[in-house]
S.K.: 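Below are the structure tokens for one structure; questions will follow.
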Amino acid sequence: MESPPFHFYSASHPTISLPSYSSSSFLFLHKNPSFIKTSRSNNVSYSRTFSVRASSSSDSVVTLLDYGAGNVRSVRNAIKHLGFDIKDVQTPEDILNASRLIFPGVGAFGNAMDVLNKTGMAEALCAYIEKDCPFLGICLGLQLLFESSEENGPVKGLGLIPGTVGRFDSSNGFRVPHIGWNALQITKDSGILDDVGKHHVYFVHSYRAMPSGDVGLSILRRFLYPKVQITKKPGDGKASKLAQRVIACLDVRANDKGDLVVTKGDQYDVRENTDEKEVRNLGKPVELARQYYIDGADEVSFLNITGFRDFPLGDLPMLQVLKYTSENVFVPLTVGGGIRDFTDANGRHYTSLEVASEYFRSGADKISIGSDAVYAAEEYLRTGVKTGKTSLEQISRVYGNQAVVVSIDPRRVYVKNPTDVQFKTVRVSNLGPNGEEYAWYQCTVNGGREGRPIGAYELAKAVEELGAGEILLNCIDCDGQGKGFDVDLVKLISDAVSIPVIASSGAGAPEHFSEVFAKTNASAALAAGIFHRKEVPIQTVKEHLVKEGIEVRI
Ligand code: 1PR
């Protein structure tokens, strides 16, 4: 299932193609006397024209508008990486005094407009853009310039660009949120897009995306260093559509000495098969993540696998890992483990939203929820009521669906007849131990320790309704076995939902990746052991996929 190449904001076109696509990741706006005519939505009607061009300011300071929600850490890190200092906007005057302003809007439209209106930033932003000063609006930071958005609403925007921001239409088969590396369709040359060529660019939205990876850095570099000649990278990118993603996963936990290590289980058992039964240690989280980024991973996931019993906000090393990783890894980071309501030893209550917020602040682009999503789905299926209070609903309301992944840990249960159970079964490709032809997939919690009375199919459909933007589909039976993904399971779930599904568990060879993409509607494939044990480099997997005619980001 593919979404079309995104139409990059066209400076030569009298209108913007955005409304039919909802939003795009990075859009750069600069007032200029020749292009798009705009008028405000609040009856103070006047014309304004914009184009995409670079900032001409020569100082080394970038003013950053961080209105307080979501992960702007990756943008911060990217700006610093390019050698610039950041001045944070504290007051509306800081906007008016900026020589170049970057607004990496993250989160939901309604909440962002509330903050901008209450703080006087909305007016300052309009005045700043009117002054023809350099402005880079990233994702929501661009969307907010439109008249209104369907997100949380309709909600009125700043009204600087005519048109509305709408939600993708998934009825034509596109998976929403649109997540992954997709092509840009640039209809007019622009200095800051010189290095983009035909490379893939990361999108993660219904309504939001962040600049990441080399292309994102390159666009940012062109904005900040407009006059510098940058040698074009060799290699002709061939991006034409949404690429299938290859994700490296790091299961992280403290070993018995208290060091945070990347570990890896066999069917979720992470202890060595020795008398000491020590936790398997496959490396250091920050170093491995950096390596996978360099090797071409499209995303990196951290799963804090003892999160079900340890409180993540008490786990400062894990937050530190995220912070350090996001300084050098410019592809999206997902983190999971322990996202739920929690009361600490001092009686202080933390909501799951607070836990997630801390992860976002530390550098996560998406968070992933395991056990808590199972309880939420069970309750929802039992009552039919969306309370709005589950972690899924709360976090997706503030950060958007695209920022919320549900991680499913199912175990295969064979049955003779589909009617033997109340859960959705599949006819299995390989018969069960007693010749069973069918199986259902039982969800578990607490790292596979406890089976629950809900199937993966039922769970997937329920969490989609509750606001999940993506599903990370593990399989306990296949985990660490290297015999391939559970294609029956991945097909069952990726056919059942319209949000993207990440196939996980069992990769042992490049052919396993092409198989899962060929036989299912998975949008991404995740692996751990094969990469940690250096059996197959990520690049080899991608080269194999290209050979098989599957589009990937190279
Ligand atoms: O329940 O919200 O605290 O989240 C806990 C998270 O930790 C869940 O996402 C759960 O999947 C994960 N988790 C808990 N225990 C384990 C364990 O292994 N003992 N890891 C665990 C899950 C599965 C994948 C693995 C793939 C690919 N690991 O992350 O990376 O199976 O492995 P492979 O390529 O080597 O086959 P909560």
Side-chain angles (χ1 to χ4, degrees), residues 246-254 261-271 279-280 282 285 288 292 297 299-313 315 318 334-342 352 355-356 359 366-377 390-392 395 404-411 443-450 452 456 459 463 468 470-486 489-490 502-510 512-513 516 524-536 538 541:
V246 175
I247 300 176
C249 182
L250 295 89
D251 290 353
V252 179
R253 60 161 288 167
V261 297
V262 173
T263 188
K264 185 66 219 48
D266 271 335
Q267 299 185 327
Y268 283 36
D269 180 359
V270 298
R271 294 199 173 260
V279 172
R280 208 168 282 132
L282 290 165
L288 269 186
Y292 294 147
E299 292 181 25
V300 173
S301 293
F302 286 111
L303 294 176
N304 178 356
I305 68 170
T306 49
F308 67 90
R309 61 164 186 254
D310 303 329
F311 179 46
L313 299 192
D315 193 351
M318 184 66 205
T334 302
V335 65
I339 297 179
R340 63 184 194 283
D341 289 357
F342 190 86
S352 54
V355 179
Y359 274 149
K366 300 187 258 182
I367 55 91
S368 129
I369 307 176
S371 308
D372 209 46
V374 178
Y375 301 127
T390 63
S391 51
L392 258 173
I395 300 167
V404 181
V405 182
V406 165
S407 167
I408 311 183
D409 301 309
R411 184 175 274 124
C443 292
T444 64
V445 292
N446 301 347
R449 286 167 181 76
E450 186 192 337
R452 299 292 306 179
L459 180 96
V463 297
E470 193 169 33
I471 286 174
L472 164 54
L473 184 59
N474 304 296
C475 176
I476 297 179
D477 307 82
C478 296
D479 176 56
Q481 304 307 294
K483 294 182 185 150
F485 298 94
D486 189 323
L489 169 66
V490 179
I502 303 167
S504 165
S505 304
H512 294 150
F513 290 82
V516 81
L526 171 150
I530 187 181
F531 299 143
H532 301 338
R533 293 188 298 269
K534 304 193 178 5
E535 288 163 5
V536 181
I538 293 173
V541 171

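As a basis for the values below, the full set of heavy atoms in this structure was taken, side chains included, without hydrogen atoms, waters or symmetry mates. Order of appearance sets the numbers: ligands from 1, and atoms from 1 within every ligand. Throughout, residue positions are numbered sequentially from 1 according to the sequence presented.
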S.K.: Consider side-chain contact (heavy atoms from CB on, under 4.5 Å). Of D269, D266, V261, which one does R280 pass it with?
M.R.: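 Only match with R280 under side-chain contact (heavy atoms from CB on, under 4.5 Å): D266.
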
S.K.: For the residue pair Y292 and H532, does the interplanar ring angle fall in the parallel (under 30°), tilted (30 to 60°) or perpendicular (over 60°) class?
M.R.: parallel

S.K.: In this structure, does ligand 1 have an atom that sits under 4.0 Å from one of the heavy atoms of G265?
M.R.: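 Flag not set, G265 not near ligand 1.
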
S.K.: Tell me the closest heavy-atom pair linking A468 and V406, and the distance in Å.
M.R.: CB-CG2, 3.7 Å

S.K.: Taking salt bridge (Lys or Arg N to Asp or Glu O under 4.0 Å) as the definition, give me every residue that meets it alongside D479, ordered by chain and number, with sequence neighbours left out.
M.R.: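 So D479 forms a salt bridge (Lys or Arg N to Asp or Glu O under 4.0 Å) with K264.
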
S.K.: Taking all non-hydrogen atoms of both residues into account, name the closest pair between I530 and G508 and its distance.
M.R.: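 Between these two residues, the closest heavy atoms are CD1-C, 3.6 Å.
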
S.K.: Can you check whether G480 has an N/O within less than 3.5 Å of an N/O in ligand 1?
M.R.: yes

S.K.: So, do L473 and I408 sit near enough that their side-chain heavy atoms are less than 4.5 Å apart?
M.R.: yes

S.K.: Looking at ligand 1, does any of its N/O atoms fall within less than 3.5 Å of an N/O of G338?
M.R.: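 It does: an N or O of G338 is found under 3.5 Å from an N or O of ligand 1.
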
S.K.: Just go through C478, S407, A527, G448 and tell me whose heavy atom is the nearest to atom 8 (C) of ligand 1.
M.R.: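 The option holding the nearest heavy atom is S407.
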
S.K.: Give yes if a backbone or side-chain nitrogen or oxygen of D479 is under 3.5 Å from a nitrogen or oxygen of ligand 1, and no if not.
M.R.: yes

S.K.: What residues, two or more places apart in sequence or in another chain, satisfy salt bridge (Lys or Arg N to Asp or Glu O under 4.0 Å) together with R452?
M.R.: E378, E450

S.K.: I'd like to check which ligand 1 atoms, numbered from 1 as shown, lie under 4.0 Å from a non-hydrogen atom of G529.
M.R.: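 In order of number, 33 (P), 34 (O), 35 (O).
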
S.K.: Does an N or O from S371, backbone or side chain, lie closer than 3.5 Å to an N or O of ligand 1?
M.R.: yes

S.K.: At a 4.0 Å cut-off, with the gap strictly under it, does some heavy atom of I530 reach an atom of ligand 1?
M.R.: no

S.K.: Among the heavy atoms of G336, does any lie under 4.0 Å from an atom of ligand 1?
M.R.: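 No; G336 lies far enough from ligand 1 that no heavy-atom distance drops under 4.0 Å.
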
S.K.: What's the verdict on side-chain hydrogen bond (donor to acceptor under 3.5 Å, both in side chains) for S407 and N474, showing C-alpha distance, side-chain angles and the deciding distance?
M.R.: CA-CA 7 Å; S407 167; N474 304 296; 3.2 Å; yes

S.K.: So, regarding Q481 and ligand 1 (criterion: nitrogen or oxygen to nitrogen or oxygen, under 3.5 Å), is there a contact or not?
M.R.: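 There is no such contact.
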
S.K.: Please name the pair of heavy atoms, one in A376 and one in T390, separated by the smallest distance, quoted to 0.1 Å.
M.R.: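 Taking A376 first and T390 second, the nearest heavy atoms are CB-CG2, 3.8 Å.
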
S.K.: If I compare all heavy atoms of I339 with all of V335, which pair ends up nearest, and what's the gap?
M.R.: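 Closest heavy-atom pair between I339 and V335: CD1-O, 4.3 Å.
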
S.K.: Are side-chain heavy atoms of I476 and T444 found at a separation under 4.5 Å?
M.R.: yes

S.K.: Would you check the N or O atoms of S505, main chain and side chain alike, for any that come under 3.5 Å of an N or O of ligand 1?
M.R.: yes

S.K.: Under 4.0 Å from a heavy atom of G337: which atoms of ligand 1 are those, numbered in the order shown and with their elements?
M.R.: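 Matching atoms, with element in brackets: 3 (O), 4 (O), 5 (C).
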
S.K.: Applying a heavy-atom cut-off of 4.0 Å, say which part of L303 lies close to ligand 1: side chain, backbone, both or neither.
M.R.: side chain

S.K.: Which ligand 1 atoms does G447 reach within 4.0 Å, using its non-hydrogen atoms?
M.R.: 14 (C), 15 (N)

S.K.: D409 near ligand 1, heavy-atom distance under 4.0 Å?
M.R.: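 In this structure, D409 qualifies as a contact of ligand 1 - some heavy atom is under 4.0 Å.
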
S.K.: Select the closest option to atom 28 (N) of ligand 1 among I367, I369, T263, D251, judged by heavy-atom distance.
M.R.: D251

S.K.: Number the atoms of ligand 1 from 1 as they appear, then name those within less than 4.0 Å of a heavy atom of C249, with their elements.
M.R.: 29 (O), 30 (O)

S.K.: Do any N/O atoms on Y268 end up under 3.5 angstrom from N/O atoms on ligand 1?
M.R.: yes

S.K.: Please work out, at 4.0 Å between heavy atoms, whether the side chain, the backbone, both, or neither of K264 comes within that distance of ligand 1.
M.R.: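 The side chain, only.
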
S.K.: Using distance alone, decide if ligand 1 has a nitrogen or oxygen within less than 3.5 Å of any nitrogen or oxygen in A528.
M.R.: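 Checking ligand 1 against A528, an N or O pair does fall under 3.5 Å apart.
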
